[in-house]
Amino acid sequence: MPQYFRDSPESLVPDALAGFAAAHADLVAYNPDHGYFRTRHTAPTRRVGMVSGGGSGHEPLHSGFLGTGMLDAACPGRIFASPHNRQIFEASRAVARADGVLHIVKNYTGDRINFGIAAERLAHEGIRCARLLIDDDLATDSDDIAVGRRGTGATLIVEKILGAAADEGRGLEDLVALGTDVTRRARSLAVAAAAHTTPQSGTPAFTLPDNVLEFGVGIHGERAEGTTPHAPLGKLVETMTDQLLAALPDSIGTRVLALVNGLGSITSLELYGIRHAVAKALDDRGVGLDRSLTGTFVSALDMRGFSLTLFATDAEALRLWDAPARTPAWPL
C-alpha cells in the first residue's frame with residue numbers, strides 16, 4: 001500500500017503547517033499557540049474580516065487563499081476534522097474589522113458546531129459576526145439527509161468573489177447577501193476511481209471493483225449512493241454536466257463559470273482533458289462558458305478523482321471574479 005512521506009502519522013499535519021508558513025512567510029503569518037494563519041497583506045478599505053477553515057487534507061483550501069482579495073484568516077483542523085472553536089475565535093478576533101467578521105463555513109456538522117461556538121464567544125466580546133454556509137454538493141441534495149448538501153468546490157468561488165467585494169469596503173450584511181446568492185447559483189459533483197489513503201493505516205478508505213467509479217463521492221471519502229461503470233470521459237462529463245445544469249435555479253441565465261478540480265492524485269494531463277470535455281458539453285447544450293479554473297484546489301488527500309462545479313454568472317460576479325488577488329495558491 002502507498003505510504004505518505006512523513007516522520008509519523010501524528011507529525012504529518014504540524015510539519016506541513018510549519019513548512020507552509022516558512023514557504024510563504026512573505027504572505028502569511030502562523031500563530032502556533034492558537035493554530036491559525038492570517039494574511040500579512042490586506043486592503044485597508046476592508047470593513048469586515050473574512051475567516052474560513054476546515055480539516056487538513058484539502059490543500060490548498062483554505063490557507064492557500066489567504067491574502068489580498070481573498071481571506072484574512074484560515075483555521076486548519078486535523079485530517080478531515082473541523083478546527084477547534086478556540087482556533088476560530090482567536091483568528092476571528094485577530095482579523096475583525098470595524099463591521100465585524102464573516103465566517104465562511106462548509107456544511108458539515110463539526111464545522112457548523114465549532115464556528116457557531118466561536119461566534120457566540122465573539123458576541124460576548126461585542127464583535128459582530130455572521131455565518132455564510134456553503135452547501136453546493138449535488139450528491140447530497142436529498143430530504144433524507146438531515147444536515148443538507150455538503151460544502152465542496154463552490155467554497156473557492158465564494159471566497160474569491162466575496163474577497164473582492166470585501167476589498168471594496170462592503171459591510172457585513174451586504175457580504176452575507178452576496179454570498180448567499182453566489183452559493184445559490186453553484187452546484188458541484190465529484191467522482192472517484194479510487195479512495196484516498198488513510199494516513200494512520202496506509203490503506204484505502206474504501207475499495208472499488210475495476211472499471212467502476214464512485215459517482216457522488218464526498219471530499220472526506222464519504223461513499224456515494226451508488227457507482228457507475230467507468231465510461232469514456234466525454235460521456236461521464238456529459239452526465240455530470242446535465243445533472244449540474246438541471247440543479248441550478250431556473251431563474252438564472254445560460255452562462256457559467258466552471259471549476260475543474262482534482263481530488264488529490266489525478267494528473268494535470270487528465271484535468272485539462274476534463275476541462276476540454278466540459279467546454280464541449282456546455283457548448284453542445286447552448287451554455288456559454290464565461291470563465292474556468294482548472295487544477296487541484298479542494299483536494300481529498302490522494303483520492304483519485306475530480307469534482308466539477310458550475311456557477312451561473314452575471315456581470316457583477318464576473319467583475320469580482322476578475323479582481324486581483326495575491327495569495328499562496330491563487331493562480332490568476
Side-chain angles (χ1 to χ4, degrees), residues 1-24 28 30-37 51-66 71 73-88 90-91 104-115 117-118 134 137 140 147 150-153 155-156 159 188 190 192 194-208 214 217-224 261-266 296-307 328-329:
M1 293 296 178
Q3 296 290 330
Y4 290 93
F5 293 99
R6 75 286 174 87
D7 286 328
S8 70
E10 295 74 24
S11 71
L12 183 59
V13 171
D15 285 354
L17 298 181
F20 179 84
H24 302 289
V28 304
Y30 182 52
N31 185 314
D33 293 333
H34 298 296
Y36 67 84
F37 289 100
V51 178
S52 193
S56 295
H58 301 308
E59 291 73 24
L61 200 76
H62 297 272
S63 301
F65 303 110
L66 283 166
L71 296 174
C75 303
R78 297 180 180 180
I79 296 290
F80 293 172
S82 168
H84 194 278
N85 65 79
R86 181 181 61 253
Q87 293 174 262
I88 302 164
E90 295 291 350
I104 298 176
V105 183
K106 299 189 300 301
N107 188 29
Y108 298 97
T109 300
D111 294 68
R112 293 176 62 161
I113 290 172
N114 282 299
F115 274 92
I117 294 171
I134 312 302
D137 178 41
T140 46
V147 73
R150 298 178 293 223
T152 59
T155 310
L156 175 61
E159 290 176 354
S188 300
H196 67 274
T197 307
T198 304
Q200 287 77 12
S201 65
T203 59
F206 59 83
T207 58
L208 287 171
E214 193 79 4
V217 69
I219 59 173
H220 305 108
E222 301 98 332
R223 299 298 300 268
N261 171 65
L263 292 177
S265 68
I266 193 168
T296 297
F297 303 103
V298 188
S299 62
L301 288 173
D302 62 342
M303 185 181 289
R304 178 150 185 78
F306 70 93
S307 65

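Worth knowing before you read on, the calculation uses all heavy atoms, side chains too, and leaves out hydrogens, waters and symmetry mates.
- Separation of the His24 and Phe37 ring centroids does not fall under the 6.0 Å cut-off.
- Between Phe115 atom CZ and Ile88 atom CD1 the span is 4.0 Å, to the nearest 0.5 Å.
- Heavy-atom contacts from other residues, nucleotides or ligands closer than 6.0 Å to CZ of Arg78 number 12 or fewer.
- Of all non-hydrogen atoms in Thr155 and His62, the two that sit nearest each other are CG2-CE1, 3.7 Å.
- Between Leu301 and Pro199, the closest side-chain pair of non-hydrogen atoms falls below 4.5 Å.
- Annotation: the span from Ile134 atom CD1 to Thr152 atom OG1 amounts to 10.0 Å, rounded to 0.5 Å.
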Inset, instruction - I would like to know whether Val51 and Ile104 meet side-chain contact (heavy atoms from CB on, under 4.5 Å); could you show each step before the answer? - result: CA-CA 6 Å; Val51 178; Ile104 298 176; over 6 Å; no
Inset, instruction - For Leu208 and Glu214, run side-chain contact (heavy atoms from CB on, under 4.5 Å): C-alpha distance rounded to whole Å, both residues' side-chain angles, the deciding distance at 0.1 Å, then the answer. - result: CA-CA 8 Å; Leu208 287 171; Glu214 193 79 4; 3.2 Å; yes
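- A donor atom on one side chain and an acceptor atom on the other are found under 3.5 Å apart for Asp302 and Thr197.
- Counted by atom type alone, Ser82 and Asn114 present one or more donor-acceptor pairs between their side chains at under 3.5 Å.
- Contact check for Met303 versus Val217: side-chain heavy atoms found under the 4.5 Å cut-off.
- In terms of heavy atoms, Arg150 sits closest to Thr140 at N-OG1, 2.9 Å.
- Looking at Gln87, its side chain never comes within 3.5 Å of a backbone N or O of Asn85 through a donor-acceptor pair.
- For the atom pair CG (Asp15) and CZ (Phe5), the distance works out to 15.0 Å, reported to the nearest 0.5 Å.
- Ser201 places a side-chain N or O within donor-acceptor distance of the main-chain N or O of Thr203, the cut-off being under 3.5 Å.
- Atom CZ of Arg86 and atom SG of Cys75 lie 11.0 Å apart (nearest 0.5 Å).
- Val298 approaches Leu263 most closely through the heavy-atom pair O-CD2, 3.7 Å.
- Side-chain contact between Glu90 and Asn31 is absent, with no heavy atoms from C-beta onward closer than 4.5 Å.
- Side-chain contact between Asn107 and Val147 is present, with at least one heavy-atom pair separated by less than 4.5 Å.
- Put simply, CD1 on Ile117 and CZ on Arg112 are 13.0 Å apart, with the number rounded to the nearest 0.5 Å.
- No side-chain donor-acceptor contact under 3.5 Å links Lys106 and His58.
- To the nearest 0.5 Å, atoms OG (Ser63) and CG (Leu17) are separated by 7.0 Å.
- The two atoms that bring Ser56 and Pro76 nearest to each other are OG-CB, 4.0 Å, heavy atoms only.
- Looking at every heavy atom in both residues, Gly54 comes nearest to Asp111 through CA-OD2, 3.8 Å.
- Panel note: side chain Ser299, backbone Gly57; a donor-acceptor pair is recorded below 3.5 Å.
- Residues Phe297 and Asn261 share a closest heavy-atom pair of N-OD1, 2.8 Å.
- Outside the 6.0 Å centre-distance limit, the rings of Tyr30 and Tyr36 are not counted as a close aromatic pair.
- Under the 6.0 Å cut-off for aromatic ring centres, His220 and Tyr108 qualify, their centroids lying closer than that.
- Between Phe65 and Ser52 the shortest side-chain heavy-atom distance does not fall below 4.5 Å.
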Inset, instruction - Take His196 and Phe80, measure what side-chain contact (heavy atoms from CB on, under 4.5 Å) needs, and give me the verdict at the end. - result: CA-CA 11 Å; His196 67 274; Phe80 293 172; 3.5 Å; yes
